[in-house]
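Everything on this sheet refers to the single structure shown next.
By convention in this document, chain letters (A, B, ...) are assigned in the order of the sequence lines, proteins followed by strands, and residues within each chain are numbered from 1. Atoms considered below: every heavy atom in the structure, side chains included; atoms not considered: hydrogens, waters and symmetry mates.
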Amino acid sequence: MTMRTHYCGELRSGDVGSEVTVCGWVDTRRVHSEHLAFIDLRDHTGIVQCVVDEKLDLRSEYVVAITGTVRTRFEGKSNEKLQTGEIEIGDCEVQVLSVAEPPPFPMHERTDVDENIRLRHRYVDLRKPRMQKNLRIRAKVNSAIRSAMEKQGFVEIETPMLIASTPEGARDFVVPSRLHPTNFYALPQSPQIFKQLCMVGGIDRYYQIARCLRDEDLRADRQFEFMQLDMEASFANQEDIINFVSEAIKDSTEAITGLRPDEIPHMTWNEAMERFGSDKPDTRFGMELVDLTEIFEGTDANVFKVDCVKGILYEGGSDALARNAIDALTEKCQSWGARGLAWFRVGDEGNLDGALTKFMSDDEIEGIHASLSAQPGDMILIIADKRRTVNHVLGLLRLEIGRPPVNSGELKYLWITEFPLFESVGDHGRPIPAHHPFTMPHLEDLEKLNSAQGEEYLEIRSQAYDLVLNGWELGSGSVRIHTPEIQSKIFEILGIGEVEANEKFGFLLDAFRYGAPPHAGFAFGIDRLAAILSGEENIREIIAFPKTQSGADPLTNAPTQLENNHLEELGLRLIPPST
RNA sequence: GGUCCCGUGGUGCAGUUUGGAGUGCACGCCGCCCUGUCAAGGCGGAGGUCGCGGGUUCAAAUCCCGUCGGGACCGCCA
């Protein structure tokens, strides 16, 4: 005889008359007397009302098994809020399996509980419907991804967690080696090198739902450890990869929402930066950046005598933004790197009202008015600076003012293509790679590799691409370099000599000498995807045991100190923290 | 490295601007009553290092300095 015959939330009118046993936690109780009490029993499927007609000491969160007969509720006594509201379990025999202290916070979800307290008692928090729902959505996403990849011919390969540290990229988490004192393993930031080695190894199509670790500051969308769909395919180009990944994204979205997303649109990196001031534009709302630079050519206003002037239109912003709110926005813009924020209220006559109008010509005023299609009551916000700064600051300002919650329900997937190969030029005039040094340049820009000087390097495009959802970067990938000629050229430009290249990436370069197929790949963050599909603004809500913003775990108290003998065995001695 | 917000019985809040007795609200908890509730109801009760430390003051939850914890963001995250 099994302990349980049915789940609480699945009993229906069709079960009336059957004797059932349900197991779970005591949710709310409504005790009328020793002759009548209603016990709501909860498991992950929901709640069922059990009627008890004897004196029982049942408290919140007691774990019980209840055996009884399913019956229709009395006329007019059904509860539409419950899926099981038509029925109840009567003639109950209650077996207490575990008693419980009162929960440390309310089990109902009408009030938000401090996250620190939730995490300290996560095992209780996980019982709530929200976490039950989110973790099950996450599991479905994982499952849909696996199916999608396998149906496209990808093979799941596991790669090591204890690997060699490489200097590039994020800060590594490291693990001391007991057998090799003074040496350390690094935990993988991603399986990047290994998946490329798999391509050389003839795997053809690799995927893994991989745990990645990066020792960088935590955010709402960033944890130390996170999961990625990591994939790589041989004899594949950018379009192939985008199709493979899009299929996994669409399948997992459909598995959760029931609706298959439309074809995911593409946008070049340059267009994204110019229109939205971000390489991960949130296209759920407009408020696009409008270039006003030409209007201010030959201007008398000193603030606009700069490389680039762009503005955004805040519809109805004239009333929405009081003077102190504008001042606060100005301070934010300054903290983001701008010198200031120029603002104009659009008056009833279509006139512009702002501190800077007295320095501006009529043509200039009319020009920004028309360019932004301003209407009375709107607010115009302008940043003037270097183009890069203008796009960056205005992009952040746009989000600050107009961004809907990430969980508004709408799902705007977007591919960003043609990322620059280099993100900036360093002190010695040498460019710094935007992605990693194995990223294939855009074929049309190969010639520029030989001729570029200084800032011109930043115009070289790559075959790197990102997937964006509602303004969150879900993931990125690229076509990889597989020929020694181009790889040498890139290393030369980056100032990485042969010796250094061999030190850092020797095993990969060695591998490429033995017959490397052209290959390309991608990785996207499953936590972020699952969070948005769950309607959550924070990935901690879809992780069973997450860390706080300071990287601590209130439940286990990690990180902790080590005993001296433990340190000794590892050949470690602590440097006391400086005071 | 930086900016901002929060910390008050078990939980969620108000009180802090303008210093005056740990004052208040809701939920929970404990006890009693109650045979159709479903956020049950009624009556009674317990429960506080106002995060911590220092300072100002006759007097600090309240003002100042520091610190710890939580959160949002910039930097960082190839």
Side-chain angles (χ1 to χ4, degrees), chain A residues 27-41 47-55 57 59-61 73-82 84-85 88 90 101-121 124-125 166-172 189-190 192-193 212-224 226 328 331-338 392-393 396 399-400 403 419 421-424 431-439 462 464 473 476-478 494 504-505 523 525 537-538 540 547-552 554:
Chain A
D27 205 81
T28 51
R29 298 151 290 148
R30 295 169 295 281
V31 180
H32 285 255
S33 72
E34 60 186 53
H35 305 295
L36 178 67
F38 299 96
I39 307 297
D40 285 345
L41 193 67
I47 279 171
V48 66
Q49 172 167 288
C50 306
V51 185
V52 172
D53 57 5
E54 58 182 321
K55 186 173 185 182
D57 189 23
R59 310 282 171 126
S60 276
E61 300 305 306
R73 292 197 185 187
F74 292 177
E75 185 73 28
K77 299 295 182 186
S78 60
N79 183 349
E80 289 173 6
K81 291 185 217 162
L82 290 182
T84 59
E88 63 191 11
E101 290 180 20
F105 41 73
M107 294 302 290
H108 65 72
E109 297 190 296
R110 295 188 297 279
T111 51
D112 287 333
V113 179
D114 183 87
E115 212 181 330
N116 203 27
I117 294 166
R118 289 176 59 200
L119 292 183
R120 193 177 306 146
H121 303 277
V124 178
D125 191 49
T166 51
E168 267 69 29
R171 195 178 294 114
D172 284 324
Q189 299 171 23
S190 79
Q192 180 63 38
I193 303 281
C212 305
L213 299 105
R214 295 176 189 174
D215 187 4
E216 299 290 348
D217 288 359
L218 291 75
R219 290 286 161 76
D221 60 352
R222 276 163 36 187
Q223 284 269 305
F224 281 155
F226 57 98
E331 279 178 30
K332 281 198 172 167
C333 289
Q334 287 167 340
S335 76
W336 293 329
H392 174 66
V393 174
L396 289 172
L399 293 176
E400 179 76 22
R403 187 178 196 181
F419 268 67
L421 191 59
F422 306 108
E423 62 161 26
S424 59
I432 296 162
H435 196 53
H436 57 59
F438 313 110
T439 304
S462 69
E473 181 194 319
S476 57
S478 62
L494 297 176
K504 288 179 176 175
F505 316 109
E537 299 187 81
N538 193 306
R540 292 189 297 273
K547 306 245 182 325
T548 65
Q549 196 165 63
S550 70

Near-parallel close stack of A:His32 and B:A40 base (under 5.5 Å, under 30°):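 Taking the rule of under 5.5 Å and under 30°, the ring of A:His32 does stack on B:A40.
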pi-stack flag for A:Phe105 and B:U11, centroid dist under 5.5 Å, interplanar under 30°: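 Not stacked: fails the 5.5 Å / 30° test.
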Which nucleotide in [options] has an atom nearest any side-chain atom of [X]:
{"X": "A:Lys77", "options": "B:C73, B:G36, B:G70", "result": "B:G36"}
{"X": "A:Phe74", "options": "B:G36, B:A40, B:G12", "result": "B:G36"}
{"X": "A:Asn538", "options": "B:A72, B:G36, B:U35", "result": "B:A72"}
{"X": "A:Gln549", "options": "B:A72, B:G12, B:U37", "result": "B:A72"}
{"X": "A:Val31", "options": "B:A39, B:C34, B:G71", "result": "B:C34"}

Spacing of the [atom1] atoms in [M] and [N] (rounded, Å):
{"N": "B:A39", "M": "B:C25", "atom1": "P", "value": "24 Å"}
{"N": "B:G31", "M": "B:G47", "atom1": "C1'", "value": "15 Å"}
{"N": "B:U8", "M": "B:U16", "atom1": "C1'", "value": "11 Å"}
{"N": "B:G7", "M": "B:C63", "atom1": "P", "value": "11 Å"}
{"N": "B:U11", "M": "B:C33", "atom1": "C1'", "value": "27 Å"}
{"N": "B:A40", "M": "B:G28", "atom1": "C1'", "value": "15 Å"}
{"N": "B:G12", "M": "B:U17", "atom1": "C1'", "value": "23 Å"}

To the nearest Å, how far apart are [X] [atom1] and [N] [atom2]?
{"X": "A:Met107", "N": "B:U11", "atom1": "CE", "atom2": "P", "result": "15 Å"}
{"X": "A:Ile432", "N": "B:C76", "atom1": "CD1", "atom2": "P", "result": "11 Å"}
{"X": "A:Asp114", "N": "B:G69", "atom1": "CG", "atom2": "P", "result": "14 Å"}
{"X": "A:Asp221", "N": "B:G71", "atom1": "CG", "atom2": "C1'", "result": "14 Å"}
{"X": "A:Glu75", "N": "B:G36", "atom1": "CD", "atom2": "P", "result": "17 Å"}
{"X": "A:Phe38", "N": "B:G41", "atom1": "CZ", "atom2": "P", "result": "14 Å"}
{"X": "A:Glu34", "N": "B:C32", "atom1": "CD", "atom2": "P", "result": "11 Å"}
{"X": "A:Arg118", "N": "B:G12", "atom1": "CZ", "atom2": "C1'", "result": "14 Å"}

Using a cut-off of strictly less than 4.0 Å, decide whether [X] has a side-chain nitrogen or oxygen near OP1 or OP2 of [N].
{"X": "A:Ser550", "N": "B:G70", "result": "yes"}
{"X": "A:Gln189", "N": "B:C77", "result": "no"}
{"X": "A:Arg30", "N": "B:A40", "result": "yes"}
{"X": "A:His392", "N": "B:G75", "result": "yes"}

Partner lookup for [N], please. Criteria are Watson-Crick or G-U wobble with both distances under 3.5 angstrom; report none if nothing qualifies.
{"N": "B:U18", "result": "none"}
{"N": "B:G66", "result": "B:C52"}
{"N": "B:G9", "result": "none"}
{"N": "B:G28", "result": "none"}
{"N": "B:G75", "result": "none"}

Using a heavy-atom cut-off of 4.0 Å across all strands, would you classify [X] as base, sugar-phosphate, or nothing?
{"X": "A:Ser33", "result": "base"}
{"X": "A:Ala434", "result": "sugar-phosphate"}
{"X": "A:Asp53", "result": "nothing"}
{"X": "A:Asn79", "result": "base"}
{"X": "A:Glu473", "result": "nothing"}
{"X": "A:Glu115", "result": "sugar-phosphate"}
{"X": "A:Lys332", "result": "nothing"}
{"X": "A:Ile117", "result": "sugar-phosphate"}
{"X": "A:His121", "result": "nothing"}
{"X": "A:Asp217", "result": "base"}
{"X": "A:Thr439", "result": "nothing"}
{"X": "A:Asp215", "result": "nothing"}
{"X": "A:Arg540", "result": "sugar-phosphate"}

Quick one: does [X]'s side chain get under 4.5 Å of [Y]'s, heavy atoms only?
{"X": "A:Phe105", "Y": "A:Val124", "value": "yes"}
{"X": "A:Asp172", "Y": "A:Asp215", "value": "no"}
{"X": "A:Arg540", "Y": "A:Thr548", "value": "no"}
{"X": "A:His436", "Y": "A:Phe505", "value": "no"}
{"X": "A:Phe419", "Y": "A:Ser476", "value": "no"}
{"X": "A:Cys212", "Y": "A:Ser190", "value": "yes"}
{"X": "A:Pro103", "Y": "A:His121", "value": "no"}
{"X": "A:Leu396", "Y": "A:Lys332", "value": "no"}

Of A:Ile39, A:Thr28, A:Asp40, which meets side-chain contact (heavy atoms from CB on, under 4.5 Å) against A:Gln49?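 Result: among A:Ile39, A:Thr28, A:Asp40, A:Asp40 is the only option passing the side-chain contact (heavy atoms from CB on, under 4.5 Å) with A:Gln49.
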Counting only N and O atoms by type, is there a donor-acceptor contact under 3.5 Å from the side chain of A:Glu216 to the main-chain atoms of A:Arg171?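 Yes; at least one donor-acceptor contact below 3.5 Å.
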Under the 3.5 angstrom rule, does the side chain of A:Arg59 hit a backbone N or O of A:Pro102 as a donor-acceptor pair?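 Absent.
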If you assign each of A:Thr548 and A:Gln192 to its closest nucleotide in RNA chain B, which residue comes earlier from the 5' end?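 It is A:Thr548 whose nearest nucleotide is closer to the 5' end.
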Closest nucleotide of RNA chain B for A:Lys55 versus for A:Ser190: which of these residues is on the 5' side?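 The residue mapped nearer the 5' terminus is A:Lys55.
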Under the 3.5 Å rule, do the base of [N] and the side chain of [X] count as making a donor-acceptor pair?
{"X": "A:Arg222", "N": "B:C76", "answer": "yes"}
{"X": "A:Arg219", "N": "B:G75", "answer": "yes"}
{"X": "A:Gln49", "N": "B:U37", "answer": "yes"}

Got a sec, which residues hit side chain to side chain donor-acceptor pair (under 3.5 Å) with A:Arg118, two or more places apart in sequence or on another chain?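 Scan of A:Arg118 (side chain to side chain donor-acceptor pair (under 3.5 Å), adjacent residues dropped) gives A:Asp125, A:Glu541.
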Output one letter per nucleotide in nucleotides 25-30 of chain B: B when a protein non-hydrogen atom lies under 4.0 Å from the base, S when only the sugar-phosphate is that close, - when neither is. --S-SS
